[in-house]
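Before any comments, here is the structure.
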Amino acid sequence: MAWKDKNPFSFGRLVDSFTYAIQGLWHAVKTEKNFQIHLTAALIVSICGFAFRLSKVEWLFILICIFGMFSLELLNSAIEKTIDLVTEEIRPLAKQAKDMAAGAVLIYAVMTVVIGLIIFIPKIVELFR
């Protein structure tokens with residue numbers, strides 16, 4: 001549906017935007033293996049967060065890591081699908097774009113693991129004292 005002639009601030013357009021976003025999320029949950037892995041990790045980390053009674057500040061860092069990871073994984077998947085839409089051939093620039101997007105996810109994932117270790121290791125050590 002073309003929105004060119006419609007009011008850009010209409011309620012219908014807002015509802016449509018949320019609908020499309022939810023459809024995109026649901027598609028990722030159903031079909032993207034890496035997104036499913038991140039969902040599983042987020043669930044495990046959240047359960048551990050409740051079990052260890054994280055502070056508000058610790059929860060803020062955990063939530064930033066979780067939702068940042070979801071966002072970056074969605075962007076990575078969108079980049080990969082866009083490249084696949086443009087070309088089915090193996091092209092050096094397409095490979096570089098996909099590899100760089102995956103690299104961004106890897107860097108963020110490493111950061112989230114480091115933050116998780118900083119938060120959870122002292123709590124685990126405390127259990128054995």
Side-chain angles (χ1 to χ4, degrees):
M1 176 180 294
W3 290 102
K4 188 188 278 188
D5 299 327
K6 296 201 175 201
N7 178 355
F9 301 108
S10 73
F11 182 73
R13 186 168 181 179
L14 180 65
V15 170
D16 286 347
S17 294
F18 278 101
T19 301
Y20 300 144
I22 291 166
Q23 288 173 350
L25 282 169
W26 185 240
H27 180 77
V29 168
K30 289 190 311 187
T31 64
E32 296 293 323
K33 186 57 69 185
N34 287 340
F35 196 86
Q36 294 166 356
I37 291 168
H38 293 305
L39 269 175
T40 303
L43 179 63
I44 292 167
V45 168
S46 296
I47 291 168
C48 290
F50 286 113
F52 285 109
R53 298 179 184 199
L54 297 184
S55 70
K56 288 180 184 179
V57 172
E58 291 168 330
W59 270 115
L60 287 173
F61 279 100
I62 294 297
L63 291 173
I64 289 168
C65 288
I66 288 172
F67 287 96
M69 194 77 251
F70 289 159
S71 298
L72 204 49
E73 188 59 50
L74 288 167
L75 284 172
N76 180 50
S77 295
I79 288 168
E80 288 182 353
K81 290 191 181 313
T82 301
I83 291 168
D84 291 345
L85 181 66
V86 171
T87 182
E88 291 183 8
E89 298 174 28
I90 297 174
R91 296 184 178 204
L93 289 177
K95 180 184 181 329
Q96 289 171 11
K98 285 183 169 189
D99 290 351
M100 284 189 259
V105 173
L106 177 62
I107 287 171
Y108 199 88
V110 168
M111 181 202 66
T112 64
V113 168
V114 169
I115 289 172
L117 291 173
I118 290 169
I119 290 172
F120 285 107
I121 285 179
K123 295 179 183 310
I124 293 169
V125 168
E126 189 63 33
L127 283 177
F128 295 103
R129 286 188 178 187

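Along the sequence shown, residues carry numbers from 1.
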*Given a cutoff of under 4.5 Å between side-chain heavy atoms of I, L, V, M, F, W and Y, with clusters grown through shared members, what are the other residues clustered with Leu43?*
Ile47
*Closest non-hydrogen atom pair, Leu72 against Ala104*: CD2-O, 3.4 Å
_Can you list, by chain and residue number, the hydrophobic cluster partners of Ile79 when the side-chain cut-off is 4.5 Å?_
Ile83
*Please name all residues satisfying side chain to side chain donor-acceptor pair (under 3.5 Å) with Ser17, sequence neighbours left out, ordered by chain then number.*
none
*Begin from the C-alpha positions of Thr31 and Gln36 and carry the test side chain to side chain contact (heavy atoms under 4.5 Å, CB included) through to its verdict.*
CA-CA 8 Å; Thr31 64; Gln36 294 166 356; 5.9 Å; no
*Who passes salt bridge (Lys or Arg N to Asp or Glu O under 4.0 Å) against Glu88, sequence neighbours left out?*
none
*May I have all residue pairs that pass ring-ring contact (aromatic ring centres under 6.0 Å, His included) and include part of residues 80-101, sequence neighbours excluded?*
none
*Can you list every salt bridge (Lys or Arg N to Asp or Glu O under 4.0 Å) pair that touches residues 32-42, not counting sequence neighbours?*
Glu32-Lys81
_Where at least one partner belongs to residues 63-79, residue pairs that pass salt bridge (Lys or Arg N to Asp or Glu O under 4.0 Å), sequence neighbours excluded_ = none
_Atom pair CG (Leu39) and OG (Ser46), whose distance is rounded to the nearest 0.5 Å_ = 10.0 Å
*Go through the structure and list residues passing side chain to side chain donor-acceptor pair (under 3.5 Å) with Thr19, not counting sequence neighbours.*
none
*asked:* For Phe35, give me all partners under ring-ring contact (aromatic ring centres under 6.0 Å, His included), at least two apart in sequence or on another chain.
replied: Phe70
Less than 3.5 Å apart, which donor and acceptor atoms pair up between the side chains of residues 115-128 and the rest of the protein, not counting sequence neighbours?
from: Lys123; atom 1: NZ; to: Glu58; atom 2: OE1; distance (Å): 3.3
from: Lys123; atom 1: NZ; to: Glu58; atom 2: OE2; distance (Å): 3.2

*asked:* Is there a path of hydrophobic side-chain contacts, each under 4.5 Å between heavy atoms, that joins Phe67 and Leu25?
replied: yes
*ILVMFWY network linking Val45 to Leu63, side-chain heavy atoms under 4.5 angstrom*: yes
*Under a 4.5 Å cut-off applied to non-hydrogen side-chain atoms, are Met69 and Val105 in contact?*
yes
*Those residues that, when tested against Phe18, pass ring-ring contact (aromatic ring centres under 6.0 Å, His included) (two or more places apart)*: none
*asked:* Please determine whether the number of non-hydrogen atoms from other residues, nucleotides or ligands lying under 6.0 Å from atom OH of Tyr108 exceeds 12.
replied: yes
*Same cluster (ILVMFWY, side-chain, under 4.5 Å), Phe61 and Ile107*: no
*Tell me, which pairs form a salt bridge (Lys or Arg N to Asp or Glu O under 4.0 Å) where one or both residues lie in residues 96-121, sequence neighbours left out?*
Asp84-Lys98, Lys95-Asp99
*State plainly whether one hydrophobic cluster holds both Val57 and Ile62, where clusters connect Ile, Leu, Val, Met, Phe, Trp and Tyr through side-chain heavy atoms under 4.5 angstrom apart.*
yes
_Let's go through Glu89 and Thr87 carefully: what are the C-alpha distance in whole Å and the side-chain angles of both, what is the deciding distance for side chain to side chain contact (heavy atoms under 4.5 Å, CB included) to 0.1 Å, and is it a yes or a no?_
CA-CA 5 Å; Glu89 298 174 28; Thr87 182; 3.5 Å; yes
